[in-house]
Each structure stands twice: as structure tokens, then as C-alpha cells.
There are 2 protein chains.
Amino acid sequence: MPKKVDHHARRTRIADALIRVAARQGLEAVSLRLVAAEAGVSTGMVQHYFRDKNSMMAFALRAVAERVQDRLERARPDALPPKESVRGFLMQLLPLDTERAEEGKAALAFQAHAAVHSDVAGAVLPDPAPLRAHIADLIRSARAGRTGQAGRPGAGGKARHAEGPDPYSAAVGLLALAEGLGTQILTRECTPEDAVAALDAQLDTAFG
Amino acid sequence: MPKKVDHHARRTRIADALIRVAARQGLEAVSLRLVAAEAGVSTGMVQHYFRDKNSMMAFALRAVAERVQDRLERARPDALPPKESVRGFLMQLLPLDTERAEEGKAALAFQAHAAVHSDVAGAVLPDPAPLRAHIADLIRSARAGRTGQAGRPGAGGKARHAEGPDPYSAAVGLLALAEGLGTQILTRECTPEDAVAALDAQLDTAFG
DNA sequence: GGTTTTCCGATGCAATTGCAATGCGAGTAC
DNA sequence: GTACTCGCATTGCAATTGCATCGGAAAACC
């Protein structure tokens, strides 16, 4: 048997180059040759690891999604009170530094791509439900804590009192809000300060 | 002097074709020939009305923005109570029917484009501040009304009591939320029902 | 050490791209 | 009626695109 190479590593390296190009010049500028040049490899190698451009795009799409997911995992300080924990999550979704801005631009480009090519997106993108459920649980536990009951994030028990919106709707809203604020920051429709203020305001109401 | 034609109408017709192509296949698929074919004209005519592809894209970018703006103007029922008025606005931003879904896909594609080519976007996109200010005023007037004072939407007076988040942050949040929910609907991350529920929940808290 | 199988660089090709150049027809001003 | 100018269709071209093909080189297994 011949040379043993880490296929996944090679593919990821190429996908990273693709993401960089997409973040800098948009998906329209993504071509086999340009991606290969950005990755510092030959176009032949790109062809070797991806049967065609579409599969390369699909892999990169998954790669951005995983990158975001990874950052969320890393920023999971379960020791903090629920509200601060959720705030930590959502802040990670805002493009507040150059690294996340680049990532956000790539993610935005891929969102547009996914909206049009829903077939590849559906097969590759992760299910957003678990994250929503986790945040909803944190909201529930925070409210339970405020009324004296011990919060049990995993139990999914229903709070009796309604001192705020339905936790699930609040979770969906918080995530969508972070995403919307993120794209508005990227398109300069919104300053980072206003975005953080709006997010904090929404956090305050969601947690009662 | 020769034939007299409505330049703006021609350009708009071409831009509409571009938007249709972008909504169906994404901005990557936009080419002079395809847009011309979609518009039912020759590529020569497209070249006649747009010096190059970039200026055509810029014009189309402005066209989508104006289309959204027009729908918002049309859906401005000032007779309704403030909360319902704002709800009417925000609902128009959600892609709940096929027409708005198509428009939303095009808008999403252009957002990604604008995030990367901020120069053209900045020169062409409208200022989001007036809309935010209007919504913030509606929030203020609704709260004033609830404490017995007459609401004066244009006055911008500051409410003394804090029975909710800062109106400006609430307005920024509501608009960003609608945008985020809209893209999540388009990417199938979120059902329309969940989106409407999340939006209504947020409306309830914003208006106290 | 030979074999074999994977890796991947190089080249070629048909299709498509944005755009320039050319030409002409039609309609208006005179 | 004539001339002139704008409106636009056609054609051509260099560059780029995605992809197929070929060839060699390097490494693991016998």
C-alpha cells in the first residue's frame, strides 16, 4: 500500500482555504484554482480530495457549521448562573473580533447558498433543536431558581408561573436575534455596541 | 433625436430579472447572458443600460432594498394601536408566502454580497435609522398610553418608568429578530410557526 | 527488491465568462 | 425628405471556468 495520508486533514485544509476565500471575496469568487492557490496546493490535489466543486462546497459548509459549534462548546461555562451562560453563548455568535467577523462573513455566504440549495444544506447542516432546547432549559431553571425551586436544567420540567414568554419561544428568539444582529454588524447596519445592548435587553426580558 | 425610452424602467426590468435569477440559483449564477435571457432581452441591451456587471449588481441591490421599503410603506396602518402597527411591519419582513420567500432569498444573497463588498453596499443601501426610530417611538407611545398619558410618537420624550427595555434597544432587537427569523425560515432551520411565536413573544415583552 | 496502490502534479479541453467592437435600423428634429 | 443620433442586436475575443486525462513518484507490503 502506498503513502498514508490523513484524508480528513487534507480536506479540512482545503476547506479552510475555501472559507478564507469566501470570507474575503464571497462565494462567487470560489474556484478550484483560487482555492488551491489559497491552500498552497495544486489544483490536481484539490481534485483528488473532492470529486467535484459541489462536494467541496458541501464539505466546507459543514466545516463552518462545525467551527461555530466548536466555539460554542468551548465557551460553555456551566459553572456560571444560567443567564450568564446563555449570554456567553450568544456573544460567541456575534462577530465582535476580526476572527469571528471573517467566520461570520463566510457563514453568511453559506446561508445564502443553503437557502438556494436546500438539498445539500439539509444533508449537511446540524440540527438546531438541541441548542435551542438547552437554552430553553437554562431559562426554565433560572426562573425556577428565582422562585426558590432548585433549577434542574436537564429535567425539562414546566414552570407553573408565567413571568415571561414561553421558554422555547424565548430560546428561538434569542438565537435568531443573535444571528440577525450578527449579520447587521457585518453589513454595517448596526454598531457592535447597539447589538450588544439589544442582546442584553432581550436577555433581561427572557430571564424575567 | 432618436427613439425616446424610459431608461429607468428598462433598468428596473433587467434588475428584476437579476433578482429572480439570484433568488432561484444564487448570485453565483448571475451572468450577463442568463440575466438577459431571464429578462427576455439581448445581452447587448443589458450592456447598453449597465456599463458593467458591477453597476448592474449595485442597481439590483438598491432595487431589492427599495422593494422591501415599499412593502413596509404600503403596510403602514397608522390607525392601528402601536403594537399592532409594529407587528404589521415585522410580519412583512418574514418570508411567509412564496413571493416574500423569493424576495427574501435574493435579499439574503445580497446581504452576503454587501458584507464582502461593503463599498458598493454603503453607497447604495438606505439608512436603517429612520425605521428604528419610528418603531422606538411607537414603543414609547404605547407605554405612555398604558400609564394614562397621551402617546406622542414624534416627540421622542423619555418615559420615566422602566417597565421594559430601552425603546431604542427594543426596536433594534425587534428588527434584527425579524431578520434573523426570516433567514432561519429560508434555511429551514425554523418553522414559520415557531418564528411567528418567537416574534410575538418578543413583541409582548417590548411593549410591556 | 519488486510490486502495487495510492497520491498528486501537469496538461488539455470544451464551455462559459465579462466585455469591446461593429453595424444598422428606427425614429425624431429640421 | 434628409440627416443624425440613440437604441440595441450581433459577433468576436481573451480569460477563466470545471473537469478529464495522463504520467510519474513515493511508500507500504510481500
Side-chain angles (χ1 to χ4, degrees), chain A residues 1-22 24-61 63 109-110 112-113 116-117 119-120 124, chain B residues 1-22 24-61 63 109-110 112-113 116-117 119-120 124:
Chain A
M1 282 190 184
K3 243 188 304 199
K4 173 191 154 194
V5 182
D6 186 344
H7 274 226
H8 186 74
R10 286 264 195 267
R11 284 214 256 255
T12 303
R13 178 178 171 190
I14 295 173
D16 282 350
L18 192 158
I19 292 169
R20 251 175 283 136
V21 170
R24 202 185 318 126
Q25 310 175 245
L27 274 189
E28 323 165 37
V30 169
S31 72
L32 294 185
R33 285 174 241 263
L34 188 57
V35 168
E38 174 76 28
V41 301
S42 72
T43 75
M45 178 164 159
V46 174
Q47 284 191 96
H48 184 71
Y49 285 103
F50 295 105
R51 135 176 46 86
D52 56 16
K53 188 185 176 180
N54 275 345
S55 68
M56 179 175 71
M57 297 270 291
F59 188 91
L61 176 52
F110 276 112
H113 187 77
V116 168
H117 302 90
D119 46 341
V120 297
V124 151
Chain B
M1 284 191 179
K3 244 190 297 203
K4 170 191 152 190
V5 283
D6 186 343
H7 276 225
H8 186 74
R10 287 264 195 269
R11 283 215 256 254
T12 303
R13 178 178 173 191
I14 296 173
D16 283 350
L18 192 157
I19 292 170
R20 251 175 283 136
V21 170
R24 202 184 319 126
Q25 309 175 247
L27 275 190
E28 322 165 38
V30 169
S31 72
L32 294 185
R33 284 174 241 263
L34 188 58
V35 168
E38 173 75 27
V41 301
S42 72
T43 75
M45 177 163 161
V46 174
Q47 285 193 91
H48 184 72
Y49 285 103
F50 294 105
R51 138 175 45 88
D52 56 15
K53 187 185 177 182
N54 275 344
S55 67
M56 178 174 71
M57 297 269 290
F59 188 92
L61 175 53
F110 276 111
H113 186 76
V116 169
H117 302 90
D119 46 341
V120 298
V124 152

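Below, chains carry the letters A, B, ... as their sequence lines are ordered, and counting in each starts from 1. Note that these values count all heavy atoms, side chains included, but never hydrogens, waters or copies made by symmetry.
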Among dC8(D), dG18(C), dC8(C), the nucleotide that comes nearest once only the side chain of Arg10(B) is considered: dC8(D)

Whole angstrom is fine here: how far is it from CG in Leu27(A) over to C1' in dT17(D)? 16 Å

Is any side-chain heavy atom of Met57(A) closer than 4.5 Å to a side-chain heavy atom of Val120(A)? no

Tell me, do Thr12(B) and Phe59(B) make a side-chain contact under 4.5 Å, heavy atoms counted? yes

Is the shortest heavy-atom distance from the side chain of Arg13(A) to the side chain of Val41(A) under 4.5 Å? yes

Do Leu18(A) and Phe50(A) make a side-chain contact, defined as non-hydrogen atoms from C-beta onward lying under 4.5 Å apart? no

Nearest-Å distance, CG (Leu34(B)) to C1' (dT16(C))? 11 Å

Do any side-chain nitrogens or oxygens of His7(A) fall under 4.0 Å of OP1 or OP2 in dC7(C)? yes

Which comes earlier along DNA chain C counting from the 5' end, the contact point of Leu32(B) or that of His48(A), where each point is its nearest nucleotide? His48(A)

Selected nucleotide, minimal atom distance to Gln47(B) side chain, candidates dG7(D), dA20(C), dG18(C): dA20(C)

Met45(B) CE - dG7(D) P separation (whole Å): 10 Å

How long is the line joining CZ of Arg13(B) and C1' of dC8(D), in whole Å? 13 Å

I want to verify a distance call: between dC19(D), dC8(C), dG12(D), whose nearest atom is closest to the Arg33(B) side chain? dG12(D)

Consider the side chain of Lys53(B), meaning its heavy atoms from C-beta on, and name the nucleotide among dG12(C), dG7(D), dG18(C) that approaches it most closely. dG18(C)

Starting at the 5' end of DNA chain D and moving along, which residue's nearest nucleotide shows up first, Asn54(A) or Val41(B)? Val41(B)

Out of dT10(D), dC8(D), dG18(C), which has the shortest distance to the side chain of Thr43(B)? dT10(D)

Without decimals, in angstroms, what is the distance between Met56(B) CE and dC19(C) C1'? 12 Å

Out of dG12(C), dC7(C), dG7(D), whichever nucleotide has its closest atom nearest the side chain of Tyr49(A): dC7(C)

With a 4.0 Å cut-off on heavy atoms, is Val30(B) in touch with a base, just the backbone sugar-phosphate, or nothing at all? sugar-phosphate

Length of the CG-P vector between Asp6(B) and dG7(D), whole Å: 11 Å

Evaluate the side-chain proximity of Leu34(B) to Glu38(B): yes if any heavy-atom separation is below 4.5 Å, no if none is. no

Nearest whole Å is fine: how far is dG18(C) C1' from Met57(B) CE? 13 Å

